[in-house]
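Reading through the structure tokens given below for one structure.
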Amino acid sequence: MKHNLIRQALQAATTAAVVGEESGDDTEVIGNVVVGDDSDGLDEHLKSTYAGLRWDFIDAWMWDLVTQLPRVKYVAPEEMPNRITATFHGDPGTRRAFTWYQDIAMVEPGAILSTDPSFPEDATLTVEAEASTSNEGEAFYRVVVTGLTPGLTYYYRVGDTFTGKWSDTGTFETADGEDDFSFITITDTQARGGASEAVVSANTIAEALRTAPDAEFIVHGGDVVQTSEEENDWIELFGYAQESLLATTIAPVSGNHDAGTDEFTQHFALRAVNGQDTTTGVYYSYDYNDAHFVMLNTNEGRDGHNATDMSDQDYEPISDAQLAWIEEDVEQARLAARSGSSSRRTRARTRRARTRRIPTSSRSAIGSCRSSTSSTSTSCCRGTTTTGPAPKSSPRIPIPPCGRSG
């Protein structure tokens, strides 16, 4: 072979299809795949051969599992990762979790992350994902990324790390532990497949992000979809809102409409604490700089009751185990603030609540400490925020008193 095409492509620094120019008689072009001999010791049927020569398998090329050769990248719409969410999973300064669905024969599911949107090889982290099967029989994937650096903007893609069938690029900012911050709170998107709510809700989320471009995350107060057991509800909402969801991190709680068995956790990867039952949702907490957020699951119910029993006169939305955890979690946050053991909470003494309404057709707000909507309760005092779908009465939920910080 007059010219080895693998080396030729590298030396030319091209990401276009190689078409066999000056290739000699021993080169064959199959579609948009180039095949040559292996007289120089390079095995054209190993992806590592091309990766070692720095071929771009992020944007330019993909690996063909049938021919075991590189192809000019094209991913059919139905093969693209979808229903992608980025969530907190512990410390927002060092961790993120991702969930997505993808209808392909997956080889190595995972995520790539970098502080450079071009994902250079020497500055890109690859993390393996866990594969699961949804209630509807679809394949979905979860990945938890740890060891991130606080205060940086990261870019990510999810998909098959082997074939290169990636999602579009998403982005998020890790908490820096010190600065003031803003966030968006929204509730009752309550999308229904085939109806207009998904479009309205997606437009609202997009408008909120345009109105508050510095917002570092979105708190969702529950009722993400109308009927959680109807997967088309999730497909439509996340489909219309996918561009927005790729631009932020979401911290959701489960509303009664989201309480179908395991449906909530099949769309959001969250760090469940206290050995809890996550069948109807997840309760969890996180520190974002000097604010402590407590996210409740009011579907769990007391004494074995759950969201289906809400019409019962004696229904109480919080289990004894969850209540005990809330009390302990909030007390630990208060002690940390008082002792000054966490420098990011010392600013809580001087921070003042502020909320700004977004002029859109859906219920949402932007705030740094106190935000509320008609069906979600969010308060922030002494650096502590408690969020959950607001029950008819919740005397058992310990909301920290407002006013003077202690």
Side-chain angles (χ1 to χ4, degrees), residues 85-97 144 146 148 150 172 174-177 181 183-185 187 216-222 249-255 258 264-265 268-278 280-300 317-339 341-348 351 353 367-372 376-391 394 396-402 405:
T85 58
T87 50
F88 296 136
H89 197 278
D91 179 12
T94 62
R95 299 168 63 99
R96 279 299 186 281
V144 177
T146 63
L148 302 176
F172 62 87
T174 51
D176 62 16
F181 65 96
F183 64 96
I184 296 166
T185 175
T187 188
E216 296 182 26
F217 58 95
I218 294 176
V219 171
H220 197 302
T249 301
I250 187 167
V253 294
S254 180
D258 309 320
F264 189 73
T265 55
F268 301 107
L270 299 164
R271 191 177 189 177
V273 296
N274 203 37
Q276 64 182 278
D277 179 359
T278 61
T280 62
V282 180
Y283 60 86
Y284 59 103
S285 67
Y286 55 93
D287 292 336
Y288 204 95
N289 294 354
D290 63 356
H292 185 70
F293 290 77
V294 180
M295 316 298 281
L296 311 182
N297 178 17
T298 55
N299 295 325
E300 189 186 40
I318 302 295
S319 69
D320 288 336
Q322 184 177 173
L323 176 60
W325 171 81
I326 294 169
E327 292 172 335
E328 175 66 18
D329 184 79
V330 171
E331 181 61 23
Q332 290 300 315
R334 286 172 171 167
L335 290 174
R338 290 170 183 166
S339 67
S341 61
S342 176
S343 62
R344 62 189 173 193
R345 290 195 181 112
T346 59
R347 300 174 189 265
R351 176 154 310 175
S368 64
C369 194
R370 180 185 295 279
S371 305
S372 65
T376 186
S377 60
T378 307
S379 64
C380 182
C381 301
R382 297 180 181 171
T384 302
T385 299
T386 303
T387 300
S394 53
R396 304 174 66 243
I397 302 176
I399 303 298
C402 297
S405 296

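Quick note: numbers below take in every heavy atom, side chains included, and nothing from hydrogens, waters or symmetry partners.
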- Message: Over 60° means perpendicular and under 30° means parallel, so tell me whether W325 and Y283 are parallel, tilted or perpendicular.
- Response: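 The arrangement is tilted - the two ring planes meet at 30° to 60°.
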- Would you kindly say whether T87 and R96 are connected by a side-chain donor-acceptor distance under 3.5 Å? no
[atom1] of [X] to [atom2] of [Y]: how many Å apart, nearest 0.5 Å?
{"X": "E216", "Y": "I184", "atom1": "CD", "atom2": "CD1", "value": "11.0 Å"}
{"X": "S285", "Y": "L296", "atom1": "OG", "atom2": "CG", "value": "10.0 Å"}
{"X": "F217", "Y": "Y286", "atom1": "CZ", "atom2": "OH", "value": "4.5 Å"}
{"X": "M295", "Y": "I326", "atom1": "CE", "atom2": "CD1", "value": "12.0 Å"}
{"X": "T278", "Y": "N299", "atom1": "OG1", "atom2": "CG", "value": "12.0 Å"}

Between [Y] and [X], is there a side-chain heavy-atom distance shorter than 4.5 Å?
{"X": "N274", "Y": "Q322", "answer": "no"}
{"X": "T280", "Y": "N297", "answer": "yes"}
{"X": "R271", "Y": "R95", "answer": "yes"}

- Across all chains, not counting sequence neighbours, the ring-ring contact (aromatic ring centres under 6.0 Å, His included) partners of Y284 are none
- Taking only residues two or more places apart in sequence, or in another chain, which ones meet E328 in a side-chain hydrogen bond (donor to acceptor under 3.5 Å, both in side chains)?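 Residues passing side-chain hydrogen bond (donor to acceptor under 3.5 Å, both in side chains) with E328: Q332.
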